[in-house]
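This report concerns only the one structure given below.
Note that the coordinates shown come from a computational prediction; the quantities given were computed from them, not determined experimentally. Per chain, numbering begins at 1; letters A, B, ... match sequence-line order.
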Protein chains: 2
Amino acid sequence: MAEAQRRKARRVPRRTGWTRDPDGVRRNILDVARSEFARKGLSGARVDEIAALTSTSKRMIYYYFGDKQRLYVAVLEEAYQSIRTFETGLSLDALPADEALARLVGASVDYHTAHPDFVRLVMVENIHDAQHLRRSAKIHDLNLTALARVRDLYGRGVASGVFRAGLDPLDIFLTLSALAFYNVSNRATIREVLHHDMAEAAACMARRAAIIDTVLAMVRPR
Amino acid sequence: MAEAQRRKARRVPRRTGWTRDPDGVRRNILDVARSEFARKGLSGARVDEIAALTSTSKRMIYYYFGDKQRLYVAVLEEAYQSIRTFETGLSLDALPADEALARLVGASVDYHTAHPDFVRLVMVENIHDAQHLRRSAKIHDLNLTALARVRDLYGRGVASGVFRAGLDPLDIFLTLSALAFYNVSNRATIREVLHHDMAEAAACMARRAAIIDTVLAMVRPR
DNA sequence: CAGGCTTTGAACGTTTCCGTACATTTTGCC
DNA sequence: GGCAAAATGTACGGAAACGTTCAAAGCCTG
């Protein structure tokens with residue numbers, strides 16, 4: 001056929017001098033994809049645009065990840081693994097319970113502030129009803145340690161008398177998560193509706209202190 | 001031309017018996033669109049699908065709203081107007097400041113719980129960096145009264161000695177918003193990661209009480 | 001040095017999806 | 001009854017955007 005011949009006749013110039021680096025290529029794709037999915041959502045992000053922003057080509061995205069959805073899931077899984085690593089890395093056991101809690105809350109605020117992409121990915125995933133999270137075996141096994149950590153901390157604080165008894169550790173965890181998360185997730189609408197820019201350094205620090213204060217006030221004996 | 005003739009030849013069966021109701025048609029489209037945009041986001045929602053779910057046709061969507069984006073903005077504007085109406089409707093002045101705050105927080109939690117579509121729309125808008133909110137004159141003039149209300153309430157409470165002085169009313173507002181919002185916005189990921197279903201009635205009520213408690217603990221004198 | 005894994009690159013097929021063209025009818029108001 | 005606004009329905013243009021297909025070659029390890 002004429003078409004087959006036309007294809008055969010095409011001369012393809014090759015690039016030389018590249019080093020074989022599968023992990024690097026995957027890394028590069030994942031980094032770009034994370035940013036794009038976080039910025040525009042799953043359906044808003046464009047495979048062609050992600051490809052254009054990588055140092056490789058669309059071809060390799062499909063080579064390594066199969067399709068757009070699986071790329072998204074890979075990004076999501078990595079994001080959750082990162083925050084888990086962060087959580088595990090905090091050493092709180094040496095501190096008194098109240099100081100440890102203050103540090104945990106502060107660290108949580110800082111992590112969210114420093115990783116807006118993570119926050120946005122979680123928003124995107126919530127819009128999609130967490131259906132990708134649900135199907136991901138990797139994340140199901142992840143079993144966030146954060147709640148267990150709060151449970152321990154709270155138990156310690158009650159025992160030593162610095163926290164009041166009768167609280168559900170889940171409420172403490174949800175409160176600190178909510179405050180740290182919302183602070184980043186709703187920055188844009190807060191800016192437009194309240195004319196207040198949480199990205200500004202002074203506002204950021206003040207809010208951080210207020211959040212720590214609030215969580216401590218919640219657990220303090222009355 | 002043959003094409004023109006073919007079109008001319010087409011016989012279009014009309015539907016009869018409908019009543020003239022522009023507002024009703026707009027209403028119907030807006031309701032469906034809100035649900036779809038809330039469920040799937042701006043880029044995830046499909047105009048054809050929205051049309052299919054209305055009792056009218058795609059033709060009318062473009063007739064009334066021009067294009068997808070303007071339909072989305074209309075939905076967003078209405079959602080913000082609704083919450084503003086709700087906020088204005090609360091009568092808190094007759095109550096002591098602490099009781100008034102408790103009622104305000106409870107009502108806020110209830111509103112978010114009862115209007116998950118609103119919560120999701122705000123999430124979607126945040127993903128888009130609030131660019132539609134920014135351009136909407138309607139919303140810019142809306143000037144949420146909620147913050148002013150908290151400011152008054154807080155002033156009253158400090159004067160009567162039930163609240164401690166030195167807080168920024170903005171922090172109170174952000175805290176109560178964050179807790180009420182996150183409770184709904186992150187339900188899906190909370191369910192998957194913590195295996196805890198906030199939609200369940202018992203969990204819902206317990207969390208509501210904990211949120212009220214937390215905000216009151218924040219402002220209580222020490 | 002050989003074979004398989006990695007990489008290249010552009011063009012193409014196909015589907016999806018937004019928005020519009022058409023011609024016409026129905027309704028309600030004056 | 002006349003008229004303007006409201007409503008109808010389908011098919012189609014055209015642009016995205018996802019994913020694939022071709023053919024070939026460089027790189028590294030064993």
Side-chain angles (χ1 to χ4, degrees), chain A residues 1-29 32-33 36-37 39-75, chain B residues 1-30 32-33 36-37 40-75:
Chain A
M1 288 186 177
E3 192 186 345
Q5 287 191 344
R6 180 165 52 82
R7 285 188 175 175
K8 212 168 215 169
R10 180 159 40 84
R11 283 282 137 255
V12 181
R14 299 286 147 185
R15 202 212 300 178
T16 180
W18 47 269
T19 56
R20 192 179 214 169
D21 183 15
D23 290 347
V25 171
R26 281 182 64 99
R27 232 314 23 86
N28 178 226
I29 293 172
V32 172
E36 285 298 297
F37 283 131
R39 208 184 287 285
K40 302 168 190 169
L42 173 52
S43 38
R46 304 298 166 206
V47 174
D48 288 286
E49 194 155 356
I50 291 172
L53 290 170
T54 63
S55 46
T56 176
S57 68
K58 184 163 70 155
R59 187 69 187 73
M60 297 310 285
I61 292 178
Y62 287 97
Y63 183 76
Y64 278 118
F65 297 97
D67 59 17
K68 186 185 183 181
Q69 185 142 326
R70 273 179 281 184
L71 173 60
Y72 170 78
V73 170
V75 165
Chain B
M1 288 188 180
E3 192 186 344
Q5 286 188 347
R6 180 165 54 82
R7 285 190 175 175
K8 213 167 215 165
R10 179 161 40 86
R11 282 285 136 253
V12 181
R14 298 289 149 182
R15 202 212 302 180
T16 180
W18 48 270
T19 56
R20 189 178 218 166
D21 182 15
D23 290 347
V25 171
R26 282 182 63 99
R27 236 306 29 83
N28 178 228
I29 294 172
L30 278 175
V32 173
E36 285 298 296
F37 283 131
K40 302 168 190 170
L42 172 53
S43 37
R46 303 298 166 207
V47 174
D48 288 284
E49 194 156 356
I50 291 173
L53 291 170
T54 63
S55 46
T56 177
S57 68
K58 182 163 75 155
R59 186 73 185 68
M60 297 310 287
I61 293 177
Y62 287 96
Y63 185 76
Y64 278 119
F65 297 98
D67 60 17
K68 187 185 184 182
Q69 183 143 329
R70 271 178 284 186
L71 173 60
Y72 169 78
V73 170
V75 165

Hey, can you pull the residues of residues 58-72 of chain A with a non-hydrogen atom under 4.0 angstrom from DNA chain C? A:Arg59, A:Met60, A:Tyr63, A:Tyr64

B:Gln69: what forms a side-chain hydrogen bond (donor to acceptor under 3.5 Å, both in side chains) with it, not counting sequence neighbours? none

Return the set of residues passing side-chain hydrogen bond (donor to acceptor under 3.5 Å, both in side chains) with B:Lys58 (not counting sequence neighbours), or none when no residue passes. B:Asp48

Would you please name every residue forming a ring-ring contact (aromatic ring centres under 6.0 Å, His included) with A:Phe37, sequence neighbours left out? A:Tyr72

Contacts of type side-chain contact (heavy atoms from CB on, under 4.5 Å), residue [X], not counting sequence neighbours:
X: A:Arg27; answer: A:Leu30, A:Asp31, A:Glu78
X: A:Tyr63; answer: A:Arg59, A:Met60
X: A:Val73; answer: A:Glu77, A:His132

Among residues 41-52 of chain A, which residues get a heavy atom nearer than 4.0 Å to DNA chain D? A:Ala45, A:Arg46, A:Val47, A:Asp48

In whole angstrom, give the distance that lies between atom CD1 of B:Ile29 and atom P of C:dG19. 14 Å

Rounding to a whole Å, what distance do you find between A:Asn28:CG and C:dT6:P? 16 Å

Heavy atoms of B:Val32 and B:Ile50 approach each other most closely as CG1-O, 3.5 Å

Are any of the side-chain nitrogens in A:Arg26 or A:Asp23 under 4.0 Å away from the carboxylate oxygens of its partner? no

